[in-house]
Asks: 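Here it is, the structure, as C-alpha cells.
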Amino acid sequence: MTEVVPLDSLQGKRVLVTGWGVTGRALIEPLRELGAHITVSDGSPSAAVEAQARHVSFATADELTADGGLDGVELVVTSPGWRPDSPVLSAAAARDIPIWGDVEFAWRVDQAQLYGPTTRWLVVTGTNGKTTTTSMLESILTAAGIPNAACGNIGLPVLAALRSEPRPEVLAVELSSFQLYWAPSVHPDAGVVLNIAEDHLDWHGGMAGYVDAKRQALTGKVGVLGLDDAVAAGLAAGSPADRTIGFRLGEPEQNELGVWGGHLLDRAFGDDEVLAPIAEITPAGPAGVMDALAAAALARSIGIEPGAVRRGLRSFTVGPHRAARVRELSDVSFVDDSKATNPHAARSSILAHPSVVWVAGGLLKGAQVDDLVREVADRLVGAVLIGRDAAQIAEALARHAPDVPVVGVRARDDAVVTDVADVTKTVDSTVDSDTVMAEAVRQAARLARPGDTVLLAPAAASLDMFDNYGQRGDSFAAAVRTLQSDDISRLPR
C-alpha cells in the first residue's frame, strides 16, 4: 500500500520499521528528524538489544499481531526481504495502514528535498549482472566528473547516500525485485532491466509476480532493455517509460546500443557514436560486454559524453566473488563466482570455461536447474554438491549428464542433503559451513585434471549455510589456499 502520507505529517506519529538489517537501521535517524515515534520489529535475537541501545522501541511479531498491537501505527516502512504475506505486514494491510519499502521512503524524502535538491536516479535491475552494471555506471559517472553514489542493493542504503557529504547529484541505484515491489512511486530518470530468469519465485508467488516487480524499473523517462534476453525484450511492448531503447551483443539497430567492429556502438543517443573497444572491458566475455552496454546506455541517457564512458569502463575493476580467479595449482584453475546465486548466472559462469568441475548448491528458491544442466553438460567433468537443495541438482545431473561423476558433501544434521540421489559418492562432514566447503574443495580437486577449472558457481542462494554469498566465496577461497599439489589428481579420465 502506498497511500500519500505527507512526510511532515509524521511528527508525533507512530511509525513501525520492520527489519533491523542495514536498511532498517538507516531509517532511524531520518524518521527521528521527521519527529516520528519509532517501533522496530525483527526476528533476530540481538535486534531488541540493539534497538534499545539506540533508544528505539521494539516489538515482536506476536505482540504486533495481537489485539491492539498496531494501534496508533500510521505508517509501516519495511526492509525489502519481508514478504507481503508475513504476519505483521498482512495485519497492517488488513487495517489499511500504508506500507512503504525503505527505497519508497528514500524516494519520497528525495522528492521532498529534505537533504537538498532532488537527485537523478539511474536504476539497475535484472536477475544477473546488477552489481557489475551498477559499479560500471558509478565508474563512468566518476570519469565524467559527476558527484555520484552507487547505492541500494549494492550495499549502501539509498537513504545513507542521500545524507552523505558531499551530496551526490546522480544515484546509481541497484534494486532487487523485492525493493522494486515495495517502491511503486519510484520513477527514475532511466532504468534498465538487464535480463529475467527464474529467481525468488517463492517470494513473488511465481514468475508473473517476479516479472511485474522488474517492470517497475521502466516507469521513468527512459527504459532500457536487454534485447538478447527474451523475457526482458518482451517488456518493450508494454513499457511505461516515456522512451524505451535496447542493447544487444550484435550490431545495433536504430534506438539501440550494441557491438560493431570490436567496439560498443550507440545508435540510441548518438549517430553511430563509438563508445569503447570491447578489448578494454573487464570482465571479458559476453556477460561483461552486456553489462558495459547497459551501464553505457544509462550514462548516455543523461548526456554523458563517449569519452567519459570509455574512461569509466577502462578504469573499472571487477568486485569480489564475481568470476574471481583464486589460484592456479598444477595447471588447475580455481574460480570463485559465489555471486552466481541462480541458474541463469551459473550458466554464464560455466560457459566461460571449456572443462569444469562444478561446485554448486544452496537454496534454489523455487528455480529449476534442468535447462541449465542440459545446456552445460558437455562442459562438466565433475560436480560437487552442497547445501539444502543439492538433491535437486543431483537429480538434474542424473537426467541430463549421467556420465558426470557427482559427489555430495553433507552436514550430518541436514536431512534433505542426506537424500541426494544418484551421486557417485557422498562424503560426511560436520555442520560447520567452512568445514563443509573445505571438504567440497578437496573433493573437487580430486576430480580435477590439468587444464580443468574448479568453479564455485552455486546456482543457488547461500543463506542455508552462510550469512551471504560473500562469506561463501571467502570460505571457498580459504579452502583453495590450503590445497597442495598432491590434492590434484593426475590420473587420466
Asks: Less than 3.5 Å apart, any donor N or O on the side chain of Ser57 or Thr39 sitting next to an acceptor on the other?
Replies: no
Asks: How long is the straight-line distance from CG of Leu275 back to CG of Asp266, given to the nearest 0.5 Å?
Replies: 5.0 Å
Asks: May I ask you to decide if Ala346's main-chain N or O and Asp337's side chain share a donor-acceptor pair within less than 3.5 Å?
Replies: no
Asks: Would you please say whether a donor-acceptor pair under 3.5 Å links the side chains of Arg322 and Tyr469?
Replies: yes
Asks: Strictly distance-based, threshold 3.5 Å: is any side-chain N or O of Glu256 a donor or acceptor partner for the main-chain N or O of Gly246?
Replies: no
Asks: Quick check against the 3.5 Å criterion: does Thr23 have a side-chain atom that pairs as donor or acceptor with the backbone of Pro157?
Replies: no
Asks: Might you confirm whether atom CD of Glu29 has over 12 heavy atoms from other residues, nucleotides or ligands at distances under 6.0 Å?
Replies: yes
Asks: Quick one: pull up CG in Leu463 and NZ in Lys365 and give me the separation to the nearest 0.5 Å.
Replies: 8.5 Å
Asks: With under 30° as parallel and over 60° as perpendicular, where do the rings of His187 and Trp107 fit, or are they tilted in between?
Replies: perpendicular
Asks: Who pairs with Ala294 by side-chain contact (heavy atoms from CB on, under 4.5 Å), at least two apart in sequence or on another chain?
Replies: Thr133, Val192, Leu194, Phe247
Asks: Does the pair Asp102/Arg25 count as a salt bridge with the N-to-O cut at 4.0 Å?
Replies: no
Asks: What distance separates Met290 CE from Leu257 CG, expressed to the nearest 0.5 Å?
Replies: 11.5 Å
Asks: So Val441 and Val359, do their side chains get closer than 4.5 Å, heavy atoms only?
Replies: no
Asks: Any donor-acceptor pair under 3.5 Å linking the side chain of Trp182 with the backbone of Val103?
Replies: no
Asks: Could you report the tightest heavy-atom contact between Thr78 and Trp82, atom names first, then the distance?
Replies: OG1-CB, 3.2 Å
Asks: Heavy atoms, side chains only, cut-off 4.5 Å: are Val480 and Leu456 in contact?
Replies: no
Asks: Treating Asp389 as the side-chain partner and Gln392 as the backbone partner, does any N or O pair qualify as donor plus acceptor under 3.5 Å?
Replies: no
Asks: Might you point out which heavy atoms bring Leu218 and Ser239 nearest each other, and give the distance in Å?
Replies: CB-OG, 4.0 Å
Asks: Can you give me the closest heavy-atom contact between Ser185 and Gln216, atom names plus distance?
Replies: N-NE2, 4.3 Å
Asks: Which residue, Asn195, Ile196, Leu235, Val231, forms the side-chain contact (heavy atoms from CB on, under 4.5 Å) with Leu225?
Replies: Leu235
Asks: Does the side chain of Phe105 come within less than 4.5 Å of Pro30's, by heavy atoms?
Replies: yes
Asks: Is there a donor-acceptor pair under 3.5 Å between the side chain of Thr219 and the backbone N or O of Val186?
Replies: yes
Asks: Atom CG in Leu122, atom OG in Ser301: separation rounded to 0.5 Å?
Replies: 5.5 Å
Asks: Any non-hydrogen side-chain atom of Leu264 less than 4.5 Å from a side-chain atom of Ile281?
Replies: yes
Asks: Spell out, as yes or no, whether a donor-acceptor pair under 3.5 Å connects the side chain of Asn342 to the backbone of Ala367.
Replies: no
Asks: Could you give me the CA-CA distance, side-chain angles and deciding distance for Ser338 and Phe476, then say whether side chain to side chain contact (heavy atoms under 4.5 Å, CB included) is met?
Replies: CA-CA 9 Å; Ser338 185; Phe476 173 82; over 6 Å; no
Asks: Thr60 and Ser41: which non-hydrogen atoms are nearest, and at how many Å?
Replies: C-OG, 3.9 Å
Asks: Could you tell me whether Arg108 and Glu104 have a side-chain N and a carboxylate O separated by less than 4.0 Å?
Replies: yes
Asks: Under a 3.5 Å distance rule, please check whether Ser86 uses its side chain to pair with a backbone N or O of Arg83 as donor and acceptor.
Replies: yes
Asks: Assess whether side chain to side chain contact (heavy atoms under 4.5 Å, CB included) is satisfied between Val222 and Asp189, documenting all intermediate values.
Replies: CA-CA 6 Å; Val222 178; Asp189 279 76; over 6 Å; no
Asks: Specify the closest pair of heavy atoms between Arg14 and Leu64, including all atoms of both residues, with the distance to one decimal.
Replies: NH2-CD2, 3.9 Å
Asks: Taking only residues two or more places apart in sequence or in another chain, which ones pass side-chain contact (heavy atoms from CB on, under 4.5 Å) with Ile146?
Replies: Leu141, Ala144, Glu169, Val170, Ile304
Asks: Do you know the tightest heavy-atom contact between Ala172 and Thr134?
Replies: O-CG2, 3.5 Å
Asks: Are Lys13 and Leu75 close enough that some pair of their side-chain heavy atoms sits under 4.5 Å apart?
Replies: no
Asks: Between atom CZ of Arg472 and atom CG of Asp474, what is the distance when rounded to the nearest 0.5 Å?
Replies: 11.5 Å
Asks: Checking His344 against Asp229 for the side chain to side chain contact (heavy atoms under 4.5 Å, CB included) test, could you report, in this order, the C-alpha distance in whole Å, the side-chain angles of both residues, the deciding distance, and whether it holds?
Replies: CA-CA 11 Å; His344 189 267; Asp229 182 271; 3.9 Å; yes
Asks: Contact between Ser44 and Trp20 at the side-chain level, heavy atoms closer than 4.5 Å - yes or no?
Replies: no
Asks: Under a 4.0 Å threshold between the charged nitrogen and the carboxylate oxygen, would Asp110 count as salt-bridged to Arg167?
Replies: yes
Asks: Take Leu27 and Leu159, measure what side chain to side chain contact (heavy atoms under 4.5 Å, CB included) needs, and give me the verdict at the end.
Replies: CA-CA 7 Å; Leu27 290 162; Leu159 271 171; 3.4 Å; yes
Asks: What distance separates Lys221 NZ from Trp121 CH2, expressed to the nearest 0.5 Å?
Replies: 14.0 Å
Asks: Closer than 3.5 angstrom, by distance alone: can the side chain of Arg311 be matched with the main-chain N or O of Ala143 as a donor-acceptor pair?
Replies: yes
Asks: Can you check whether Val40 reaches Ile28 side chain to side chain, under 4.5 Å on heavy atoms?
Replies: yes
Asks: Donor-acceptor pair, Glu74 side chain versus Ala36 backbone, under 3.5 Å?
Replies: no
Asks: Keeping to residues at least two apart or across chains, list the side-chain hydrogen bond (donor to acceptor under 3.5 Å, both in side chains) pairs with something in residues 149-160.
Replies: Asn153-Glu174
Asks: Is any side-chain heavy atom of Arg300 less than 4.5 Å from a side-chain heavy atom of Glu273?
Replies: yes
